[in-house]
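Have a look at the structure below before the remarks.
Convention: sequence-line order gives letters A, B, ...; per-chain numbering from 1.
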There are 2 protein chains.
Amino acid sequence: MFNFVVYLNSMCATFDFTEKQIQILLVAETLFADKGFEGTSIRTIAKEAKINIAMVSYYFGSKERLLESLIFYRTKDLKIEIENLLVEDLEPIAKINKLIALYINRINSNKGIFRILHFEMATQKKELNIKSFYDLRKSNLKSLEAIISEGQDKGVFRKDISIPLLTPTILGTFFHFYMNKEYFMDILQLPTEDSYNNYITVDLTKHIQQTIKALLIYES
Amino acid sequence: MFNFVVYLNSMCATFDFTEKQIQILLVAETLFADKGFEGTSIRTIAKEAKINIAMVSYYFGSKERLLESLIFYRTKDLKIEIENLLVEDLEPIAKINKLIALYINRINSNKGIFRILHFEMATQKKELNIKSFYDLRKSNLKSLEAIISEGQDKGVFRKDISIPLLTPTILGTFFHFYMNKEYFMDILQLPTEDSYNNYITVDLTKHIQQTIKALLIYES
DNA sequence: TGTTTAATTAAACAGTTGTTTAATTTTGTA
DNA sequence: TACAAAATTAAACAACTGTTTAATTAAACA
């Protein structure tokens, strides 16, 4: 049994998960997103996934490593998606807009894992092996830098832009909106789930695009 | 004992907390901020505050109500601070800038509670009696609306601004930066705690002010 | 087919959790 | 000083936590 766990851990960077493992990951994802990592027990996961409680330890080694696996599983193909955008033949501002839309759409259709990341990153869990996620962020930052440089070379964007601060503005705005769902549904009078989601993909996306555009080309 | 708990709950909106209660609240604040609500046990709080574990239930009734009390204790005087800003004799853009600086400074010097709010609001805890906080936000939004309207009347600001989306941009940017401390200390090469805090009060504040300004006056 | 490996199970483990209890000490008041 | 109220304590409560165990069933392979 112990050997199997080691195998899983060393190989998960290259190999995929089995159907059974994915089933557990998906259940864990929604529960972690709803109740938080600490707030979700292995027994609840097991009951929801209709498996024995021992199976979680058996497949992933521990609860912490289950979370690691989940993060890896959900973020492994985001890097490629961003990099594909770079080579497209678009104006810099159009590229930025597409990047923003891609981010929001991506996060919005994977609400669970990003909520978890947002949460559990903040609580000190230094043992967490989320290097893959850390690398992903650096890579995404590099992609963003490339687009901005292109725009600066073409004379469209300002020269004095703090690129690392663009991500907090893009993602932060989205997350704050998303984390305070109830409040904004009330304030903006969005009675249904659908109207709320629609507001995100249309109005909020537009707002963020407009914000970044203003920041990139407006001369003070 | 039970009567005392009832008294506390019904009066906490008007009366202050005792020294002993505040001592417990302060300990709980740092622990909740560090390890999260679920991740912090009453025993840990008691040990840190050098009191008996029974005292938490004795003073606050339950762990949940301890959190409620903490949120109330920390947010009760923020409303006044914002409203004072409104009556100051400043240009609209200067008022906005001051509001942003006030927000960031306020949150930054009360890191704990805002981190907790950010966290625990998102996890479904509908039982939580945080109406006072909810009202605070609505009141703050009204203050922001007043400043924007003034600027619009003076012809300085655009007319087509989604005011409710300004808060996500201001607070979201800050929080995203603040919640990913380690990452940004690495990326921006801020080796010490001091340099990181200095970056927040100077550069990040300026970035957010610049963002909002661009959004308010830039014509696309 | 028999044998080895993997998957699954119920039960137990050793802690921890929030809360309550009854007894005791401290404090305030008459 | 005597008495009542409040504060504090250690201990117990029952429920829950993540993880491990040994036994059993299912699958893979020769």
Side-chain angles (χ1 to χ4, degrees), chain A residues 1-12 15-25 27-28 31-32 34-70 116 120 123 125 127-129, chain B residues 1-9 11-12 15-25 27-28 31-32 34-70 120 123 125 127-129:
Chain A
M1 197 280 262
F2 181 73
N3 282 329
F4 181 67
V5 170
V6 171
Y7 156 78
L8 228 185
N9 213 38
S10 60
M11 291 313 218
C12 75
F15 281 77
D16 282 327
F17 297 99
T18 67
E19 272 187 47
K20 205 102 213 178
Q21 286 172 315
I22 292 172
Q23 176 202 352
I24 299 171
L25 288 176
V27 170
L31 286 172
F32 286 164
D34 274 11
K35 322 258 182 190
F37 180 73
E38 311 273 359
T40 306
S41 74
I42 290 188
R43 275 167 184 82
T44 314
I45 298 170
K47 186 182 279 179
E48 206 82 2
K50 283 164 188 162
I51 52 152
N52 190 276
I53 40 163
M55 296 311 289
V56 172
S57 297
Y58 179 70
Y59 273 127
F60 300 98
S62 70
K63 192 187 172 188
E64 291 251 314
R65 286 234 289 281
L66 167 66
L67 176 57
E68 286 174 24
S69 299
L70 176 57
I116 294 162
E120 309 303 336
T123 342
K125 259 188 249 306
E127 327 86 341
L128 264 189
N129 175 28
Chain B
M1 196 282 263
F2 181 71
N3 281 329
F4 180 67
V5 171
V6 171
Y7 156 78
L8 228 186
N9 213 40
M11 289 314 219
C12 77
F15 280 76
D16 281 327
F17 297 101
T18 66
E19 271 187 46
K20 204 102 214 178
Q21 286 173 315
I22 292 173
Q23 176 201 353
I24 299 171
L25 287 177
V27 169
L31 286 171
F32 286 164
D34 273 13
K35 323 260 181 188
F37 179 73
E38 312 272 0
T40 306
S41 73
I42 290 188
R43 276 167 184 81
T44 314
I45 298 170
K47 186 183 278 180
E48 206 82 3
K50 284 165 189 163
I51 51 151
N52 190 277
I53 40 164
M55 297 311 289
V56 172
S57 297
Y58 179 70
Y59 274 126
F60 300 99
S62 70
K63 192 187 172 187
E64 291 250 313
R65 286 235 288 283
L66 167 66
L67 176 58
E68 286 174 25
S69 299
L70 176 58
E120 308 303 336
T123 342
K125 259 186 247 308
E127 329 84 342
L128 263 190
N129 176 27

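Contact record, B:N52 with B:A54: OD1-N, 2.9 Å, taken as the closest heavy-atom pair. Contact between B:R43 and B:I53 at its shortest, heavy atoms only, is CG-CG2, 3.4 Å.
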*Test A:T44 against A:K35 for side-chain contact (heavy atoms from CB on, under 4.5 Å), laying out the working first.*
CA-CA 11 Å; A:T44 314; A:K35 322 258 182 190; over 6 Å; no
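Computed from coordinates, the B:I42 CD1 to C:dT20 C1' distance equals 12 Å when rounded to whole Å. Note: CD1 (B:I53) to P (C:dT19) measures 11 Å, nearest angstrom. When rounded to the nearest whole Å, the span between CE of B:M55 and C1' of C:dT21 equals 15 Å. Distance, B:E38 CD to C:dG18 P: 9 Å, rounded to whole Å. The NZ atom of B:K50 sits 15 Å away from the P atom of D:dT8 (whole-angstrom rounding). Note: CD (B:Q23) to C1' (D:dA7) measures 13 Å, nearest angstrom. What separates CD of B:E19 from P of D:dA7 is a distance of 13 Å, to the nearest Å. Rounded to whole Å, atom C1' of C:dT9 lies 17 Å from atom NZ of A:K47.
Side-chain atoms of B:N52 lie closest to D:dA10 of the nucleotides D:dA6, D:dA10, C:dA7. The nucleotide whose nearest atom lies closest to any side-chain atom of A:S62 is, among D:dT19, D:dT8, C:dT19, D:dT19. Candidate nucleotides C:dG18, D:dA7, D:dT20 were compared by shortest atom distance to the side chain of A:A54, and D:dT20 ranks first. Nearest to the side-chain atoms of A:K63 among the listed nucleotides D:dA7, D:dG18, C:dA12 stands D:dG18. You'll find that the side chain of A:Y59 is closest to C:dA7, out of C:dA7, D:dT9, C:dT19.
For the OP1/OP2 pair of C:dT16 and a distance below 4.0 Å, the side-chain nitrogens and oxygens of B:S41 include no atom meeting the criterion. Checking the phosphate oxygens (OP1, OP2) of D:dA7, a side-chain nitrogen or oxygen of B:Y58 falls inside 4.0 Å. Residue A:K20 places no side-chain N or O under 4.0 Å from the OP1 or OP2 atom of C:dA6.
A 4.5 Å side-chain heavy-atom check between B:E68 and B:F60 finds every atom pair outside the cut-off. Residues B:E38 and A:F37 form no side-chain contact, since every pair of their non-hydrogen atoms from C-beta on lies 4.5 Å or further apart. Looking at heavy atoms from C-beta onward, A:I45 lies in side-chain contact with A:L66 at the 4.5 angstrom threshold.
The strand DNA chain C forms stems, runs of 3 or more Watson-Crick or G-U wobble pairs with distances below 3.5 Å, at C:2-26 with D:5-29, C:28-30 with D:1-3.
Distance CE/A:M55 to CD/A:Q21: 9.5 Å, rounded to 0.5 Å. The OH atom of B:Y59 lies 11.5 Å from the CG atom of B:L25; values are rounded to the nearest 0.5 Å.
B:T40 comes within 4.0 angstrom of the backbone, heavy atoms only, and of no base.
Mapping B:G39 and A:R43 onto DNA chain C via the closest heavy atom, the residue that lands nearer the 5' end is A:R43.
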